[in-house]
Trainee: 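Okay, here's the structure, questions in a sec.
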2 protein chains.
Amino acid sequence: MTKQRELILSILKQSDRHLTADEIFFLAKLKMPSIAMATIYNNLNAMNEAGVINRLHIDGVADCFDKITEPHDHLLCDRCGKITDIRLPALSGDLERALGTEIEDYELTVHYVCPDCRHNTKRR
Amino acid sequence: MTKQRELILSILKQSDRHLTADEIFFLAKLKMPSIAMATIYNNLNAMNEAGVINRLHIDGVADCFDKITEPHDHLLCDRCGKITDIRLPALSGDLERALGTEIEDYELTVHYVCPDCRHNTKRR
DNA sequence: TAATAGAATTAGAATCATTCTTATAGATCG
DNA sequence: CGATCTATAAGAATGATTCTAATTCTATTA
């Protein structure tokens with residue numbers, strides 16, 4: 001656990017949003033101007049593999065990273081692009097039952113139109 | 001519907017696997033040597049947006065493309081990387097009920113260890 | 001059939017995110 | 001204190017994808 005890793009992790013913890021590597025790089029540079037992009041990725045990848053954070057891919061957008069509180073799913077508004085975390089505790093078991101096999105894990109992204117966008121009729 | 005698009009679509013239809021843009025490019029070049037990578041992407045993107053085919057992202061692998069028969073989910077073996085299509089007709093309704101909102105669509109990738117790999121104890 | 005407009009294609013340059021490489025710096029341990 | 005190990009910095013390299021400009025094809029109209 002190096003200073004750099006600590007910094008990156010604290011940035012993720014303090015954010016309530018999903019951050020791209022680039023955004024993390026920008027924020028990290030404010031506190032530690034010498035930090036390198038490679039260090040960001042090294043640490044994000046290491047923490048992702050260790051299960052400390054989560055890498056999240058959404059079509060057409062750079063990968064985002066995310067602190068892990070509990071395993072969770074994502075709700076993506078197709079109009080404004082906002083990502084909301086959701087938790088469907090029963091789903092994992094439901095999937096095992098439906099598939100008839102043990103599963104390791106799953107990734108679920110649900111597309112919808114968020115309440116804000118549903119009320120604003122104008123599309124982006 | 002140009003010759004190029006027809007060719008690309010027929011390649012996808014004839015394949016029982018998920019193909020990367022690169023694999024499609026290679027196969028298309030066999031039949032139409034002058035075809036350009038940009039044409040592959042133009043057409044894949046156009047067909048993806050039109051809902052004729054499906055773009056599929058799996059962490060650490062180039063995006064794959066896939067003919068659409070019916071909307072479907074993916075089962076990914078974490079050891080050998082094999083992707084299997086699955087269909088969980090009830091899930092969409094279940095999600096709407098669980099979330100209490102109408103949804104547009106969803107993407108689900110389930111990680112597991114396939115039967116073959118489960119029997120071969122050696123990890124990849 | 002010839003001319004023209006519009007759309008799709010080609011080729012390759014450009015871009016973006018990400019990874020790799022190499023040299024350096026920092027920490028750890030005897 | 002010196003040796004070794006690991007992580008970092010910097011920037012080059014890579015790979016997938018998109019963009020751009022020029023060209024070709026297609027359909028339409030005269």
Trainee: Regarding R55(A) and N45(A), do their side chains bring together a donor and an acceptor under 3.5 Å, going by distance alone?
Mentor: yes

Trainee: Choose from dT17(D), dT18(C), dT8(D) the nucleotide whose nearest atom is closest to any side-chain atom of T39(A).
Mentor: dT8(D)

Trainee: Counting N and O atoms only, with roles assigned by atom type, does the side chain of K67(A) sit under 3.5 Å from a partner on the main chain of S15(A), one being a donor and the other an acceptor?
Mentor: yes

Trainee: Just how far, in rounded Å, is C1' of dA17(C) from CD of E23(A)?
Mentor: 13 Å

Trainee: Side chain of N42(B): nearest nucleotide among dA10(D), dT9(C), dA17(C)?
Mentor: dT9(C)

Trainee: When the distance from CD1 of I8(A) to P of dA7(D) is rounded to whole Å, what number comes out?
Mentor: 13 Å

Trainee: Nearest to the side chain of A38(B) - dA11(C), dG11(D), dT18(D)?
Mentor: dA11(C)

Trainee: Between C1' on dA10(D) and NZ on K29(A), what's the gap in Å once rounded to a whole number?
Mentor: 10 Å

Trainee: Please check the phosphate of dT10(C) (OP1 and OP2 only) for any side-chain N or O of Q4(B) closer than 4.0 Å.
Mentor: yes

Trainee: Tell me whether E102(A) is salt-bridged to R118(B), with the criterion being a basic N under 4.0 Å from an acidic carboxylate O.
Mentor: no

Trainee: Between dT8(D) and T2(A), is there an OP1 or OP2 to side-chain N/O distance shorter than 4.0 Å?
Mentor: yes

Trainee: K3(B) or A21(B): which one's nearest nucleotide on DNA chain D is closer to the 5' end?
Mentor: A21(B)

Trainee: Would you mind classifying the nucleic acid contact of D22(B) as base, sugar-phosphate or nothing, using non-hydrogen atoms under 4.0 angstrom?
Mentor: nothing

Trainee: Within the structure shown, what part of the strands sits under 4.0 Å from T20(A) by heavy-atom distance: base, sugar-phosphate, or nothing?
Mentor: nothing

Trainee: Under 4.0 Å, heavy atoms only, any strand: does N45(B) hit a base, just the sugar-phosphate, or nothing?
Mentor: sugar-phosphate

Trainee: Which ring-ring contact (aromatic ring centres under 6.0 Å, His included) pairs, counting each pair once, include a residue from residues 9-64 of chain A, with sequence neighbours left out?
Mentor: H18(A)-H74(A), H57(A)-H57(B)

Trainee: Side chain of I35(A), heavy atoms from C-beta onward: which of dT9(C), dA9(D), dT17(D) has the nearest atom to it?
Mentor: dA9(D)

Trainee: Rounded to whole angstrom units, what separation is found between the OH atom of Y41(B) and the C1' atom of dG15(D)?
Mentor: 9 Å

Trainee: Does any non-hydrogen side-chain atom of D66(B) lie less than 4.5 Å from one of I83(B)?
Mentor: no

Trainee: Can you identify which nucleotide, out of dT9(C), dT18(D), dT18(C), has its nearest atom closest to the M37(A) side chain?
Mentor: dT18(C)

